[in-house]
Amino acid sequence: MNVIEFKNVSKRFVLHRDRRDSIQERVAGLLRPRAQGEEFWALRDVSFSVAPGESIGLVGHNGAGKSTALKLMTRILTPNEGTVHMAGRVAALLELGSGFHPDLSGRENVFLYGSLMGFSRRDMQERMDSIVEFADIGNFLDTEIKHYSSGMYTRLAFAVATAVDPDILITDEVLAVGDEAFQRKCMERIFRFRRMGKTIVFVSHALEIVRTLCDQAVWLDHGMARMVGPAGEVVDAYLADVNRQEQERLTRQRARSAGESPTAEQEQENDATPYRRGSREVEITRVELLDTAGNERSVFQTHEAVTVRMHYLAHEPVPYPVFGIALHHENDLWLTGPNTSFAGMDIPLVTGTGYVDYHIPALPLLTGRYLLSVAVYDETMLHPYDHHDRLYRIVVQSRGLRERYGIMSLAGTWNWCAQNGHAEA
Ligand SMILES: Nc1ncnc2c1ncn2[C@@H]1O[C@H](COP(=O)(O)OP(=O)(O)OP(=O)(O)O)[C@@H](O)[C@H]1O
Ligand SMILES: [Mg+2]
């Protein structure tokens with residue numbers, strides 16, 4: 001017997017007037033403008049099931065239908081076709097604006113929520129202390145909800161939803177609001193629920209958490225279930241698709257930037273305006289990122305070998321040039337800047353064409369986007385012949401790797417040594 005069952009579920013919206021529930025939905029709407037009165041399917045023929053003790057993640061681009069699926073689970077919406085079956089008590093933490101009554105105080109909302117879940121006032125009174133402690137919103141408990149900040153709202157909503165002992169806990173982007181400390185507290189509680197064998201339905205753009213927390217995942221794409229399966233595989237497939245689109249965008253961008261100066265669009269893409277400078281006695285004519293098979297790629301896995309190949313053209317004989325690269329994180333943190341001089345490699349003279357390779361045996365970066373610069377300088381490393389500042393992008397994925405904090409992976413090993421072991425009862 002499944003805890004959750006979606007059988008050929010379709011949900012249609014008719015847009016009589018522009019009614020969007022959240023900022024996210026408004027954004028999604030902007031991306032795909034629709035005419036008034038138009039019908040459209042937010043979900044189309046979606047089927048999946050969740051067995052007891054399993055957790056499921058829903059992933060997909062903005063407007064893919066994730067929140068709609070959750071609203072069907074909580075019966076805020078009903079399907080136009082197909083059936084939704086839920087077994088057990090369902091508590092949901094949906095987007096802001098659904099769930100609480102704006103004119104009631106936080107405390108009154110706790111009682112109201114409890115009564116909807118079948119708990120008496122006394123039941124909720126007993127839980128009040130732990131709810132208040134978890135939400136940590138101080139005196140605001142007796143203030144009307146409409147005066148809450150989005151963070152406070154989420155704090156209270158999460159505290160209440162998890163206090164009513166649900167069998168199924170549904171969360172929609174809890175991590176999007178609230179500060180770090182609160183997010184961590186929420187995640188701890190979510191993981192504790194999972195250990196208790198409860199079912200968690202988790203919607204998030206934080207894919208690494210979906211991978212760790214969920215057994216299964218559904219990838220929604222324009223309302224259709226593009227893939228249903230083990231969470232890791234679905235996340236990988238979704239990421240691969242996102243990256244493929246990214247690659248295509250990069251290829252188009254590269255084609256445009258084949259000229260001398262960066263395009264206006266490139267300038268806009270990065271606040272710290274990437275650009276090319278130098279006197280060009282020797283130029284870097286082409287940059288390739290090669291995998292071990294010698295294929296050119298822009299998406300690499302953590303710990304994979306990468307070779308940065310810089311093809312050059314010397315317009316005149318240039319003695320002792322220094323070739324180098326730099327890597328920046330997309331948020332502009334400068335990660336590294338190796339060059340041939342630091343490595344003690346002398347290139348006495350370049351004439352005509354050739355290439356210089358920088359070989360990275362195991363890429364120590366975690367999932368993310370990184371900017372690559374390449375350059376050739378004179379012997380003093382003060383004068384640039386040709387410097388391509390952050391003009392190339394590397395996308396890194398950490399497929400199959402559980403490590404996910406920070407931006408790098410040292411590939412270290414752990415060792416445990418127990419001394420004077422007294423086994424605790
Ligand atoms: N009540 C509604 N009336 C009309 N259209 C709606 C309604 N609710 C959602 N939609 C539309 O249905 C589509 C799916 O929306 P949904 O909120 O489920 O997406 P989502 O996957 O949660 O996206 P996000 O990642 O941005 O939260 C969107 O195009 C949205 O604009
Ligand atoms: Mg949503």
Side-chain angles (χ1 to χ4, degrees), residues 4 6 8-48 56-82 84 86 90-100 150 153-154 157-158 161 168-178 183 186 190 200-211 213-214 216-228 231 234-235 237-239 241-242 245-246:
I4 302 175
F6 266 54
N8 308 102
V9 174
S10 295
K11 179 66 195 174
R12 182 184 59 214
F13 290 118
V14 183
L15 300 176
H16 292 297
R17 60 195 169 88
D18 204 51
R19 193 194 147 270
R20 297 276 149 74
D21 287 323
S22 69
I23 294 167
Q24 286 175 344
E25 282 166 349
R26 250 174 267 144
V27 170
L30 279 178
L31 295 172
R32 301 181 59 216
R34 278 177 224 103
Q36 299 277 304
E38 193 192 337
E39 276 190 3
F40 100 104
W41 295 91
L43 287 178
R44 195 83 221 235
D45 199 22
V46 172
S47 300
F48 62 87
I56 188 159
L58 304 185
V59 300
H61 58 83
N62 291 129
K66 305 180 295 292
S67 299
T68 303
L70 299 190
K71 286 174 191 163
L72 290 168
M73 291 181 192
T74 57
R75 313 229 180 278
I76 291 174
L77 295 174
T78 49
N80 295 89
E81 286 168 17
V84 174
M86 306 287 289
V90 179
L93 187 69
L94 300 180
E95 293 157 311
L96 297 182
S98 48
F100 285 156
S150 58
Y153 187 102
T154 311
F158 192 86
I168 302 172
L169 177 68
I170 296 176
T171 65
D172 197 349
E173 288 290 1
V174 259
L175 296 157
V177 272
Q183 287 177 7
C186 289
I190 290 174
I200 292 153
V201 183
F202 190 74
V203 168
S204 180
H205 292 282
L207 298 174
E208 294 315 307
I209 299 177
V210 174
R211 194 199 296 280
L213 177 71
C214 303
Q216 268 203 83
V218 178
W219 168 12
L220 290 174
D221 189 2
H222 295 103
M224 281 179 287
R226 184 131 165 217
M227 187 172 169
V228 181
V234 173
V235 166
Y238 173 57
L239 265 175
D241 190 67
V242 170
Q245 291 179 13
E246 170 81 357

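As a basis for the values below, the full set of heavy atoms in this structure was taken, side chains included, without hydrogen atoms, waters or symmetry mates. Every number for a ligand or one of its atoms is a count from 1 in the order of the listing.
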Of all the atoms in ligand 1, which lie at a distance below 4.0 Å from a heavy atom belonging to [X]?
X	answer
A42	12 (O)
H205	25 (O)
N62	23 (O), 24 (P), 25 (O), 26 (O)
T68	14 (C), 15 (O), 16 (P), 18 (O)

Please find out if the Mg ion (ligand 2) and some N, O or S atom of T68 are separated by less than 2.8 Å.
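Here the distance criterion (N, O or S atom, under 2.8 Å) is not met by T68, so no.
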
What do you reckon, does G65 put a non-hydrogen atom under 4.0 Å from ligand 1?
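Yes, that is the case, since the closest heavy atom of the residue is under 4.0 Å from the ligand.
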
Check if E173 has a non-hydrogen atom at a distance under 4.0 Å from any atom of ligand 1.
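Under 4.0 Å: no for E173.
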
Within the distance-only criterion (no hydrogens, no angle test), does the side chain of [X] pair as donor or acceptor with the backbone N or O of [Y] below 3.5 angstrom?
X	Y	value
K11	T78	yes
K66	L220	no
E81	N8	no
D221	R226	no

Minimum heavy-atom distance S67-D172, with the two atoms named:
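For S67 and D172, the tightest heavy-atom pair comes out as OG-OD2, 2.6 Å.
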
Classify the ring geometry of H61 against H222: parallel below 30°, tilted from 30° to 60°, perpendicular beyond 60°.
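Ring orientation of H61 relative to H222: tilted.
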
Check this for me - ligand 1, F13, N or O atoms closer than 3.5 angstrom, yes or no?
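No, there is no polar N/O contact under 3.5 Å.
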
